[in-house]
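Contents: one structure, followed by commentary.
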Amino acid sequence: MSGAPSGAASLGSTARRFDAVPYAVLVPLLLGACVLSLWIGRTSTGPMLGFGDAAIAGAVLTEIRVPRTLLALLVGGTLGLSGAALQGLLRNPLAEPGLLGASSGAALGAVLVFYFGLAAADSLVLPLGGVGGSVAALGLLYGLAGRRADLVTIVLAGIAINALAAALTSLALNFAPSPYAALEILFWMLGSLADRSVVHVLLALPLMLPGWLLIGAAARGLDALTLGEDTAASLGFPPARTQWLVIGGTALSVGAAVAVTGVIGFVGLVVPHMLRPWVGHHPRRLLVPCFVAGAALTLLADVAIRMMPPGPELKLGVVTALIGAPFFLQLILRHGREGGL
Amino acid sequence: MTLRLDGVGVRYCRRTAVVETTLELGAGQLVGLVGPNGAGKSSLLKAIAGLVPHTGAITWRSMPLKRMDRLERARTIAYLPQSADAHWPITASELVALGRMPHLGFAERPGPRDAAAVAWALERCAATALAERRVDRLSGGERARVLLARALAVESPVLLVDEPIQSLDPRHQLNIMRVLRDCAGRGTLVVAVLHDVALAARYCTRIVLLAGGRVVGDGAAETVLTADALARWYGVEPYVARHLGEPVVLPWRQID
């Protein structure tokens with residue numbers, strides 16, 4: 001063990017330095033974003049600072065701003081977390097929660113609810129349809145790929161499920177009972193946090209929580225996968241176990257998120273990339289910072305929407321896509337030029 | 001301190017890769033698993049590593065591997081696959097530290113004991129100077145040393161390596177073989193799949209020759225890697241000699 005003490009000291013300090021910095025930045029950022037989200041609202045005449053009339057201030061805060069802030073936090077965190085987990089699982093920095101078909105399955109489930117005009121009957125039917133869709137998509141993935149499937153098969157099955165869900169969604173739009181229903185479907189699919197209540201939070205949370213726990217249980221397995229599947233198995237973390245923990249966790253948490261907000265893309269792709277320079281490349285170390293950063297980013301994007309001049313409200317999913325798609329393109333260009341990310 | 005293989009067989013779909021094999025491998029040996037392509041060397045190694053389903057029983061110190069929990073098994077047997085590579089641009093010391101994973105609990109952070117094991121493994125592989133370098137910027141020889149250090153960092157009593165010297169220049173080949181022999185010298189059971197019979201003959205304390213999924217030779221290099229055996233199983237005529245008291249086995253020409 002000669003030379004061990006100096007080596008031990010330097011390795012230990014490296015690990016600590018990496019862990020503290022991101023939280024020192026991310027936690028204040030998240031808290032600041034929460035305060036802004038609670039402070040800034042939107043009315044038909046544009047942004048509104050504060051809570052307005054003393055008579056309605058309490059109701060504005062508890063019935064509008066708090067649910068919207070909580071939902072942005074939960075959905076953004078879920079997207080960041082599952083993006084980091086999937087990139088670790090697939091060992092590919094271009095992976096994204098939408099890849100497995102969970103998002104499009106959830107969207108299809110919700111669209112079917114609209115199509116059959118059930119959304120008006122009860123505000124709970126829509127999110128339930130979304131979760132049903134995402135669970136069905138996962139079931140199909142499992143059926144197509146099999147328990148011990150390799151990752152290429154899973155990705156290809158995910159593409160097939162995405163295509164199928166998109167086709168069925170188009171079919172529903174095509175035969176929408178009325179133009180109004182079609183418009184409702186389209187607007188919902190854009191993804192938004194507007195007009196959500198505590199009910200939506202309470203509906204999503206019981207599904208998101210076990211989803212997060214499943215992803216957390218896979219954390220060490222993701223680190224082990226850094227050296228490939230055989231090495232991961234020899235380190236005591238069989239890839240098949242890690243794989244289904246991450247996929248199950250993503251289906252539950254992202255499915256629940258899409259079910260209450262519609263499709264909000266690219267957060268899961270962008271957030272891990274933003275954090276890697278500070279947090280390092282270990283998939284496990286990225287998970288919690290990506291949750292925090294995903295929540296902060298989504299909150300800030302939603303606040304920015306509320307700051308827009310009067311007019312129809314810009315949808316959150318449109319904003320994240322407008323920011324995320326060029327980011328994605330730039331990633332691919334850099335990948336082609338340098339052969340690495 | 002022995003690893004016992006009792007009627008171990010490996011089948012892929014309908015093809016039999018390894019026919020029921022019984023072997024007893026002891027601590028402190030550097031076992032060279034040699035044989036022509038398709039002989040079942042890698043399959044046998046993967047069966048021991050628990051990566052492919054197999055028939056028969058494998059026990060370490062009379063304890064069946066199947067009865068160990070996953071981390072206990074991972075602490076007992078380290079495995080270095082044929083073409084391992086890091087998928088993320090981490091540093092060499094971070095890569096080697098992955099070898100400590102079987103020793104850590106769910107939320108446990110690496111302690112001084114783990115850091116010491118990492119530093120020690122890097123030193124054994126002459127890779128201490130590479131510790132802070134990014135693995136995607138290492139040369140092939142440097143990366144091979146770092147990957148071997150990852151397997152050593154497990155500090156397991158059994159080390160399985162699959163073709164550790166493939167695509168390395170002669171100097172690095174000799175370097176890796178010496179590290180493996182040192183490990184065996186300190187009491188580790190090292191089992192290495194090797195294609196290079198010359199290096200196998202020179203460094204291994206024991207040669208297990210496989211052909212067609214069966215053990216067809218087992219013992220010291222001079223008794224197993226004979227001219228007859230190489231002609232019969234590899235189809236080559238070797239140059240066999242001794243140099244400075246060590247065996248030289250050099251495949252010389254193909255037998256038509």
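Keep in mind that the numbers below use all heavy atoms, side chains included, and drop hydrogens, waters and symmetry copies. Note on naming: letters A, B, ... go to the chains in the order of the sequence lines (proteins, then strands), and numbering restarts at 1 for each one.
With a 4.5 Å cut-off on non-hydrogen atoms, A/Ala217 touches chain B through its backbone but not through its side chain. For B/Pro110, no part lies under 4.5 angstrom from a heavy atom of chain A.
Under the ring-ring contact (aromatic ring centres under 6.0 Å, His included) criterion, A/Phe291 pairs with A/Trp212, sequence neighbours left out.
Of the residues considered (B/Asp136, B/Leu147, B/Asp85), B/Asp85 shows the highest number of contacts with chain A, using heavy-atom pairs under 4.5 Å. Of all the listed residues (A/Arg284, A/Arg241, A/Glu229), the one sharing the greatest number of non-hydrogen pairs under 4.5 Å with chain B is A/Arg241.
Contacts with chain B (heavy atom to heavy atom, under 4.5 Å) involve these residues of residues 230-239 of chain A, listed by number: A/Asp230, A/Thr231, A/Ala233, A/Ser234, A/Leu235, A/Gly236, A/Phe237, A/Pro238. Contacts between residues 174-194 of chain B and chain A, defined by a heavy-atom separation under 4.5 Å, are made by no residue at all. The interface of residues 67-82 of chain B with chain A, defined by heavy-atom distances below 4.5 Å, comprises B/Arg70, B/Leu71, B/Ala74, B/Ile77, B/Tyr79, B/Pro81.
Closest heavy-atom contact between A/Gly88 and B/Trp88: CA-CZ2, 4.0 Å.
Inter-residue side-chain proximity for A/Arg220 and B/Phe106 is flagged as met; some heavy-atom pair is nearer than 4.5 Å. Contact annotation: the side chain of A/Asp223 never approaches that of B/Glu94 to less than 4.5 Å [non-hydrogen atoms, C-beta and beyond].
Of the inter-residue distances, the one linking B/Met101 atom CE with A/Leu227 atom CG reads 10.0 Å to the nearest 0.5 angstrom. Atom CG of B/Leu98 is separated from atom NE2 of A/His282 by 5.5 Å, given to the nearest 0.5 angstrom.
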